[in-house]
Student: 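Take this structure, written in structure tokens, and hold onto it; I'll ask about it next.
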Amino acid sequence: MEQKNDPSFADIWEELNYRGLVHVSTDAAELKTLLAGPPITFYCGFDPTAPSLHLGNLVQILVMRRLQLAGHKPLGLVGGSTGLIGDPRPTAERTLNTRETVAEWVGYLSAQVARFLSFEGDNAARMVNNLDWTAPLSAIDFLRDVGKYFRVGTMLKKDAVSARLNSDAGISYTEFSYQILQGMDFLELYRTYGCVLQTGGSDQWGNLTSGTDLIHRAEHASVHAIGTPLITNSDGTKFGKSEGNAVWLDPALTSPYAFYQFWLNTDDADVVERLKIFTFLTRDDLERLERAVEAEPFRREAQRTLAFEVTSLVHGVAATEAAIAAAGALFGQGELAELDAETLGAAVAELPSAKATAATSVVQALLDTGLVSSLGEARRAIGQGGVYLNNEKVADDTATLEGSELAGGFAVLRRGKKTLAGVTFS
RNA sequence: GGCGAGUUACCCAAGUGGCCAAAGGGAUCUGACUGUAAAUCAGACUGCUUCGCAUUCGGGGGUUCGAAUCCCUCACUCGCCA
């Protein structure tokens with residue numbers, strides 16, 4: 001649980017590479033020297049495209065934290081201005097969010113990032129918002145002072161831009177300009193704080209180099225960038241999705257229980273890589289778990305460790321233990337009917353739930369708890385034999401909750417093997 | 001501004017007057033097998049009061065007994081030309 005870098009590595013650069021966190025970077029030898037030397041200031045930006053950060057962002061946050069633990073000084077940037085523009089996605093133009101929404105999300109994200117960094121000591125972190133230096137800039141100043149450093153040919157070659165130009169979606173001037181804004185951020189932070197390194201996802205590489213190039217031109221200085229790999233599942237699906245939804249860091253959007261379950265269900269083929277990236281376990285621990293996956297996969301020790309470590313990191317140990325206890329009660333071998341009201345209540349509290357009465361139909365309860373999205377789907381699920389009420393298969397789609405009330409006034413609905421919801425009788 | 005091409009369900013993509021609630025693939029969900037894993041096989045996948053009905057094929061209007069398919073119009077996208 002303790003957050004520290006593994007002292008068995010010669011320096012943080014070695015450790016980042018071991019953990020598979022460096023996909024692309026500026027000159028590796030220089031970076032290694034830079035990171036092994038006296039403290040530097042670096043930054044990583046987060047755009048407010050949602051009210052919460054998600055697991056993809058957590059990778060970046062942990063890179064920041066590891067660098068901070070190595071003595072370097074982090075600047076956590078929230079994109080108050082870049083969030084108003086939107087970086088080009090490869091598929092299609094983004095819908096612009098209102099200024100009010102973006103401002104609100106900036107607040108949420110800023111607080112989330114701050115939780116993972118230390119604001120004490122010589123290398124205390126600092127949060128910045130790029131709206132602070134972008135908002136006062138006039139269009140004329142922007143074009144004269146910044147635009148002149150950018151060549152359109154270079155801008156067109158960036159993957160994000162060229163993908164869009166080659167697609168049938170095209171790209172607006174607004175999104176095309178995004179890379180300039182991000183480049184300006186790096187320049188601004190270089191000037192104000194002496195920031196010499198930007199980290200980010202490899203999909204941001206074009207934007208990262210936009211900044212290093214700009215500083216090169218405007219300040220004749222060499223600064224650095226590190227791009228982390230895009231994390232993918234070994235089966236080819238997207239990492240960080242649970243039932244089609246993003247896994248958020250905000251407990252109101254993804255409950256600690258669901259968060260824990262997400263990690264617990266990690267594939268054997270992926271679990272070691274995840275441990276390297278998302279935990280502070282040492283190389284020794286990781287190698288031991290890797291052997292455990294091979295020798296005794298059914299024990300799922302690596303998955304349990306991963307789920308515990310990451311959930312504790314994000315939601316705290318108490319919430320994690322509650323999630324584990326809930327899973328134990330709900331997935332345990334014992335009968336649900338034998339659980340006492342307190343245990344059951346705590347377990348149900350971790351699940352999505354809805355109020356109902358004994359007369360409520362099972363299909364309606366499935367819909368109310370969000371286990372299905374329509375009554376038709378609920379009937380279909382029952383017809384497929386995929387619905388359980390208090391661990392007993394529901395055979396008839398006209399069934400009601402009659403007689404299903406357990407201790408404390410709850411019932412447990414399940415869809416499939418592991419999608420659970422609680423019902424509270426009123 | 002001119003000319004051409006295009007807009008189909010979560011995504012990709014067939015369909016060019018009735019046999020279309022709309023092929024195929026992917027994603028997703030369920031079942032079997034399992035370790036709350038993967039792979040594999042099977043089924044489901046617009047909604048509803050489900051052997052039937054209602055509403056979908058960019059928006060609106062029209063032709064027709066009948067339209068995703070034909071016509072008009074608006075919006076958006078892409079390309080070429082200016």
Side-chain angles (χ1 to χ4, degrees), chain A residues 88-96 161-176 232-247 257-275 289-290 292-308 311 323-334 336 347 350-351 361-364 366-367 369-389 391 393-398 412-421:
Chain A
R89 286 182 299 189
T91 48
E93 194 80 8
R94 287 178 189 274
T95 311
L96 291 178
V161 173
S162 74
R164 282 283 290 282
L165 286 172
N166 291 326
S167 79
D168 52 12
I171 185 167
S172 66
Y173 183 74
T174 306
E175 290 193 5
F176 176 62
T232 54
N233 292 328
S234 55
D235 61 9
T237 56
K238 241 183 184 173
F239 165 75
K241 297 275 177 177
S242 169
E243 291 163 49
N245 300 312
V247 176
Y257 170 84
F259 192 88
Y260 181 88
Q261 289 292 318
F262 170 82
W263 291 105
L264 190 65
N265 283 303
T266 302
D267 291 10
D268 292 1
D270 296 324
V271 70
V272 174
E273 176 198 310
R274 299 293 136 82
L275 282 162
L289 287 168
E290 187 165 12
V293 173
E294 223 165 289
E296 309 179 297
F298 51 90
R299 297 179 71 93
R300 297 187 305 136
E301 190 188 354
Q303 278 90 341
R304 285 179 210 284
T305 307
L306 176 66
F308 180 82
T311 311
I324 294 172
L330 297 166
F331 282 105
Q333 296 308 308
L336 281 174
E350 298 285 336
L351 305 173
S361 66
V362 173
V363 285
Q364 187 63 48
L366 285 166
L367 182 61
T369 52
L371 247 32
V372 299
S373 54
S374 74
L375 293 177
E377 191 181 339
R379 286 194 197 87
R380 216 178 291 135
I382 292 173
Q384 292 178 140
V387 175
Y388 297 79
L389 177 58
N391 280 347
K393 186 175 281 192
V394 177
D396 182 357
D397 64 16
T398 60
V412 177
L413 268 176
R414 189 172 103 223
R415 182 186 187 192
K417 268 180 290 198
K418 54 202 178 190
T419 315
L420 295 152

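Chain letters run A, B, ... following the sequence lines, proteins first, then strands; residues in each count from 1.
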Student: Check the side chains of A/Arg274 and A/Asn233 for a donor-acceptor pair under 3.5 angstrom, ignoring hydrogens and angles.
Tutor: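 Side-chain D/A pair, A/Asn233 to A/Arg274: present.
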Student: Pick the closest RNA chain B nucleotide for A/Gln261 and for A/Gly376 by heavy atoms, then say which residue is nearer the 5' end.
Tutor: A/Gln261
Student: Just verifying a value: how many Å separate A/Gln384 CD and A/Arg415 CZ, rounded to the nearest 0.5 Å?
Tutor: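 CZ of A/Arg415 is found 7.5 Å from CD of A/Gln384.
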Student: Name the closest nucleotide to the A/Pro297 side chain, picking from B/A37, B/G47, B/G35.
Tutor: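 Closest nucleotide to the A/Pro297 side chain: B/G35.
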Student: How long is the line joining CG of A/Asp268 and C1' of B/U34, in whole Å?
Tutor: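 Answer to the nearest Å: 11 Å.
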Student: Identify the nucleotide, in any strand shown, that forms a Watson-Crick or G-U wobble pair with B/A14, with both distances under 3.5 Å; if there is none, say none.
Tutor: none
Student: Please state the P separation for the pair B/U69 and B/G61 - nearest whole angstrom.
Tutor: 14 Å
Student: With both distances under 3.5 Å as the test, what is the Watson-Crick or G-U wobble partner of B/U77?
Tutor: B/A5
Student: For B/C51, what is the paired nucleotide under Watson-Crick or G-U wobble rules, both distances under 3.5 Å?
Tutor: none
Student: Please measure how far the P atom in B/C78 lies from the corresponding atom in B/A32, and state the result in whole Å.
Tutor: 49 Å
Student: Using whole Å, report how far CG of A/Asp397 lies from C1' of B/U30.
Tutor: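 Value for this atom pair: 15 Å.
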Student: Distance check, P atoms only: B/A9 and B/G2, in whole angstrom units.
Tutor: 30 Å
Student: Between B/U49, B/U34, B/U30, which nucleotide gets closest to the side-chain atoms of A/Leu375?
Tutor: B/U49
Student: Quick check: any donor-acceptor pair below 3.5 Å linking the side-chain of A/Gln384 to the base of B/G43?
Tutor: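 Indeed there is one.
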Student: Nearest to the side chain of A/Arg415, heavy atoms from C-beta on, is which of B/U30, B/A44, B/A37?
Tutor: B/U30
Student: Kindly say if A/Arg379 contacts the phosphate of B/U49, meaning a side-chain N or O under 4.0 Å from OP1 or OP2.
Tutor: yes
Student: Using atom P in both nucleotides, what's the gap between B/C70 and B/A44 to the nearest angstrom?
Tutor: 32 Å
Student: Nearest to the side chain of A/Lys417, heavy atoms from C-beta on, is which of B/G47, B/A37, B/G35?
Tutor: B/A37
Student: Could you work out the separation of B/G26 and B/G43 based on their P atoms and round it to a whole Å?
Tutor: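 Per the computed distance, 14 Å lies between those P atoms.
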Student: Which is true for A/Arg380 with a 4.0 Å heavy-atom rule: it touches a base, it touches only sugar-phosphate, or it touches nothing?
Tutor: sugar-phosphate
Student: Expressed in whole Å, how much space separates the C1' atoms belonging to B/A27 and B/G15?
Tutor: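 Approximately 22 Å lies between the C1' atom of B/A27 and that of B/G15.
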Student: Using only heavy-atom distances, determine whether the side chains of A/Gln303 and A/Asp267 contain a donor-acceptor pair under 3.5 Å.
Tutor: no
Student: So does A/Ile171 get a backbone contact from the side chain of A/Glu175, meaning a donor-acceptor N/O pair under 3.5 Å?
Tutor: no
Student: Measuring only the C1' atom in each nucleotide, how far is B/U8 from B/C57? A whole number of Å is fine.
Tutor: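 Looking at atom C1' only, B/U8 and B/C57 are 4 Å apart.
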Student: Quick one: look up who B/U40 pairs with, Watson-Crick or G-U, both distances under 3.5 Å, and put none if it's unpaired.
Tutor: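 Across any shown strand, B/U40 pairs with B/A32.
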Student: For a side chain to side chain contact (heavy atoms under 4.5 Å, CB included) with A/Leu366, tell me which candidate from A/Leu413, A/Asp397, A/Leu375, A/Leu389 qualifies.
Tutor: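 With A/Leu366 as partner, side chain to side chain contact (heavy atoms under 4.5 Å, CB included) holds for just one option, A/Leu413.
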Student: Given side chains that start at C-beta, do those of A/Thr419 and A/Arg414 come closer than 4.5 Å, heavy atoms only?
Tutor: no
Student: Reading RNA chain B from 5' onward, which residue's closest nucleotide shows up sooner: A/Leu367 or A/Asn265?
Tutor: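 The residue mapped nearer the 5' terminus is A/Asn265.
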Student: B/U36 P sits how many Å from A/Asp267 CG, rounded?
Tutor: 15 Å
Student: Hey, could you give me the OH/OH distance between A/Tyr260 and A/Tyr257, rounded to the nearest 0.5 Å?
Tutor: 10.5 Å
Student: Would you mind reading off the distance between A/Ile171 atom CD1 and B/G79 atom C1', rounded to a whole angstrom?
Tutor: 17 Å
Student: Please state the P separation for the pair B/U56 and B/G60 - nearest whole angstrom.
Tutor: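 Pairwise P distance, B/U56 against B/G60, rounds to 9 Å.
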Student: How long is the line joining CD of A/Glu294 and C1' of B/A37, in whole Å?
Tutor: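 So the two atoms are 15 Å apart, to the nearest Å.
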Student: Could you give the CG-to-P distance, from A/Leu371 to B/U28, as a whole number of Å?
Tutor: 18 Å
Student: To the nearest Å, how far apart are A/Ile382 CD1 and B/A44 P?
Tutor: 18 Å
Student: What is the base-pairing partner of B/C20, counting Watson-Crick and G-U wobble geometry with both distances under 3.5 Å?
Tutor: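 Answer to the pairing question: none, since B/C20 forms no Watson-Crick or G-U pair.
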Student: B/A37, OP1 or OP2 - any side-chain N/O from A/Thr266 closer than 4.0 Å?
Tutor: no
Student: Using whole Å, report how far CD of A/Glu175 lies from P of B/U77.
Tutor: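 Rounded to the whole Å, the gap is 12 Å.
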